[in-house]
Enquirer: 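If you scroll down you'll find the structure; I have some questions about it.
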Amino acid sequence: MSPIRFSTLLLSVTASIVATSAAAAESWIVRTDLWGNPAFSTLTVERRGKDVTGDLDGDRIEGRVTGDRLTLTATDGKGRTSTYTVRVRGTELAGTADMPDTNDPAARVTHAVTGWRVPERQGGGPRTVEYTPTDYSNSWNADRRPVLVVWPGDTIHTTTIDSGGVDKDGKTRALFGNPQTGPFFIAGAQPGDTLAVHIRRLKLNRDWADSLDAIVGRALGTSLVPEAGTLNKPVKWLLDREAGRARPEKAEGALAGYSVPVRPMLGGLAVAPGFGMPAISTGDTGRFGGNMDFPEVAEGNTVYLPVQQPGALLYFGDAHALQGDGETTQYALETSMDVTVTVEVIKGRSISMPRVESPTQIMVLGQAGSLDEALKFASTGMIQWLRQDYGMTLPQVAQVLGTAMHYSVPNLAGRNVGVAARIDKALLPARE
């Protein structure tokens with residue numbers, strides 16, 4: 001057992017022991033402070049009288065409880081021991097762990113540990129839960145406590161605010177910079193799994209959106225740079241929710257009659273990044289998803305993300321009434337939205353890049369600092385998908401890519417750019 005597992009273990013066990021219920025297995029999320037770096041683990045424990053046993057990421061533990069205090073000794077596969085002393089108060093745990101130094105097995109170090117108990121699932125199968133946000137996150141952060149615990153198969157109905165932090169009533173609720181709703185803890189999700197987010201409904205909940213008249217530098221030829229210096233002015237768009245169309249509020253001249261059909265989407269969708277990663281700005285992207293600004297993160301589609309923390313910790317926000325490929329104006333039609341999603345967990349299946357599936361296409365989103373690198377990531381992710389789920393050899397994949405692959409450029413506006421690789425499902429064999 002690793003030092004990270006040791007400290008986590010102690011907290012979980014303590015709570016289990018103090019609990020007044022029968023010896024049913026309990027699940028806890030434990031946080032170990034490793035020199036200022038939080039490490040999260042899942043612990044399941046049982047108690048029989050004053051004796052405690054449990055499992056932490058496959059490692060067995062033993063301990064004993066006295067009142068509200070638990071003393072636990074854990075031995076890893078190399079024979080190293082760690083001693084934990086913790087107390088439990090309700091559904092919270094706190095204490096310390098005396099552990100071997102990670103660089104010097106002969107030395108000892110004390111780490112703080114805390115934890116919280118995952119509530120038991122209520123009977124009756126999958127449910128729909130309503131969540132009204134009270135605050136928002138401006139980072140993809142594994143160290144933010146979940147706003148809600150849900151289980152695979154559950155449906156979440158909630159709201160988002162716009163990228164500037166403004167809600168459906170025009171009230172500022174958070175700092176600008178793509179504030180996100182969440183995170184939602186999906187019970188049972190573990191690193192190495194894949195989270196499937198089925199987007200059931202994205203509903204506009206106000207009659208306007210904000211944008212700019214800008215053109216991002218990556219899309220602008222050098223001959224136009226001097227003239228483009230007059231751009232970057234705000235543009236308000238009016239949303240006709242009944243007709244499903246948007247038009248500039250002060251359109252004139254050639255745009256006097258201009259309107260476009262809306263297609264609501266989520267610019268931000270992510271799970272928490274893995275151990276060792278700091279909180280990441282909601283303006284950024286990565287393997288975990290992020291500010292992808294991909295128009296196909298839309299109603300009726302499913303987004304797949306690699307789980308990197310216990311419970312996945314799902315965030316979403318930055319709703320757009322409409323966005324053209326590239327998000328070339330820096331802002332899309334930024335607005336607030338009612339969101340309904342259903343979550344599923346694919347156990348033991350890891351993916352390299354975010355995936356999106358529509359009724360007609362499979363898509364992989366590559367995100368990097370350059371279009372070249374983003375394209376490589378998208379292509380590599382598509383190759384993995386075809387080999388993993390469709391049973392193709394690499395030569396067979398090469399033939400499919402050469403005849404059926406399409407690319408689009410969802411995002412040019414962020415610090416990272418995005419390239420989407422797309423294939424029509426009608427051309428592919430049945431999945432294995």
Side-chain angles (χ1 to χ4, degrees), residues 1-32 38-65 68-77 81-95 97 99 111 113-123 142 145-146 148-154 183-195 271-272 274-275 307-313 343-349:
M1 185 189 304
S2 69
I4 293 176
R5 287 171 161 177
F6 291 156
S7 47
T8 307
L9 183 155
L10 172 55
L11 277 105
S12 299
V13 177
T14 304
S16 170
I17 292 184
V18 179
T20 58
S21 59
E26 301 171 359
S27 178
W28 294 77
I29 300 301
V30 293
R31 180 189 188 277
T32 306
F40 299 91
S41 301
T42 301
L43 180 68
T44 56
V45 295
E46 293 183 5
R47 69 180 175 98
R48 300 181 185 280
K50 294 185 176 181
D51 295 325
V52 177
T53 59
D55 178 276
L56 181 66
D57 297 336
D59 293 318
R60 297 297 299 174
I61 61 169
E62 294 182 353
R64 191 166 180 82
V65 63
D68 65 351
R69 176 172 294 188
L70 173 69
T71 302
L72 176 70
T73 299
T75 305
D76 68 9
T81 61
S82 297
T83 301
Y84 306 87
T85 303
V86 297
R87 291 181 182 273
V88 61
R89 288 180 172 83
T91 59
E92 301 287 325
L93 298 173
M99 304 162 58
H111 295 297
V113 288
T114 55
W116 59 275
R117 182 175 176 177
V118 179
E120 296 180 4
R121 184 171 195 170
Q122 301 300 311
R145 286 292 289 264
L148 189 69
V149 175
V150 298
W151 283 262
D154 283 351
F184 299 93
F185 182 96
I186 294 84
Q190 294 291 338
D193 297 338
T194 291
L195 180 67
V271 293
F275 173 70
V307 177
Q308 298 173 69
Q309 294 284 356
L313 300 176
V343 294
E344 298 282 358
V345 175
I346 304 172
K347 298 296 296 180
R349 176 62 62 92

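Residue numbers start at 1 and run along the sequence shown.
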Enquirer: What is the minimum heavy-atom distance between Val307 and Leu195, and which atoms define it?
Expert: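 Looking at all heavy atoms of both residues, the shortest contact is CG2-N, 3.7 Å.
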
Enquirer: Excluding sequence neighbours, so at least two apart, what forms ring pair (Phe, Tyr, Trp, His ring centres under 6.0 Å) with Phe185?
Expert: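 Testing Phe185 for ring pair (Phe, Tyr, Trp, His ring centres under 6.0 Å), a comparison that skips the adjacent residues, returns Trp116.
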
Enquirer: Considering only heavy atoms from C-beta outward, does the side chain of Val345 approach that of Lys347 to under 4.5 Å?
Expert: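 Answer yes - side chains close enough.
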
Enquirer: What is the minimum heavy-atom distance between Leu70 and Val65, and which atoms define it?
Expert: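 Heavy atoms only, the tightest pair is CD1-N, 3.9 Å.
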
Enquirer: Indicate the atoms forming the closest heavy-atom contact of Thr42 with Ser27, along with that distance.
Expert: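 Looking at all heavy atoms of both residues, the shortest contact is CG2-OG, 3.8 Å.
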
Enquirer: The test is side chain to side chain contact (heavy atoms under 4.5 Å, CB included); show your working for Arg69 and Thr85 and say whether it passes.
Expert: CA-CA 7 Å; Arg69 176 172 294 188; Thr85 303; 3.8 Å; yes

Enquirer: For Arg349, is there an ion pair with Asp193 - N to carboxylate O distance below 4.0 angstrom?
Expert: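 Looking at Arg349 together with Asp193, the answer is no, because their closest N to O distance does not fall below 4.0 Å.
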
Enquirer: Got a second to check how far Arg117's CZ is from Ile29's CD1, nearest 0.5 Å?
Expert: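 So the CZ of Arg117 and the CD1 of Ile29 are separated by 12.5 Å.
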
Enquirer: Roughly how far apart are Glu62 CD and Asp51 CG, rounded to 0.5 Å?
Expert: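 Between atom CD of Glu62 and atom CG of Asp51 there are 8.5 Å.
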
Enquirer: Should Glu92 and Thr114 count as side-chain neighbours, where that means a heavy-atom distance under 4.5 Å?
Expert: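 The answer is no, as the side chains (C-beta and beyond) never meet within the 4.5 Å cut-off.
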
Enquirer: With sequence neighbours excluded, tell me which residues meet side chain to side chain donor-acceptor pair (under 3.5 Å) with Glu344.
Expert: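 Partners of Glu344 under the side chain to side chain donor-acceptor pair (under 3.5 Å) test: none.
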
Enquirer: Applying side-chain contact (heavy atoms from CB on, under 4.5 Å), can you list everything that pairs with Arg121, at least two apart in sequence or on another chain?
Expert: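 Arg121: side-chain contact (heavy atoms from CB on, under 4.5 Å) contacts with Pro126, Trp151, Asp154.
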
Enquirer: Of all heavy-atom pairs between Leu313 and Ala142, which one has the smallest distance, and what is that distance?
Expert: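 So the two residues come closest at CD1-O, 3.6 Å.
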
Enquirer: Which atoms form the tightest heavy-atom contact between Pro152 and Ala187, and what is the distance?
Expert: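 In terms of heavy atoms, the two residues are closest at CD-O, 3.3 Å.
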
Enquirer: Hey, does Val88 have a side-chain heavy atom less than 4.5 Å from the side chain of Trp28?
Expert: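 Yes, close enough: below the 4.5 Å cut-off.
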
Enquirer: How far apart are the closest heavy atoms of Gln308 and Ala272, and which atoms are they?
Expert: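 Of all heavy-atom pairs spanning Gln308 and Ala272, the closest is CB-O, 3.7 Å.
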
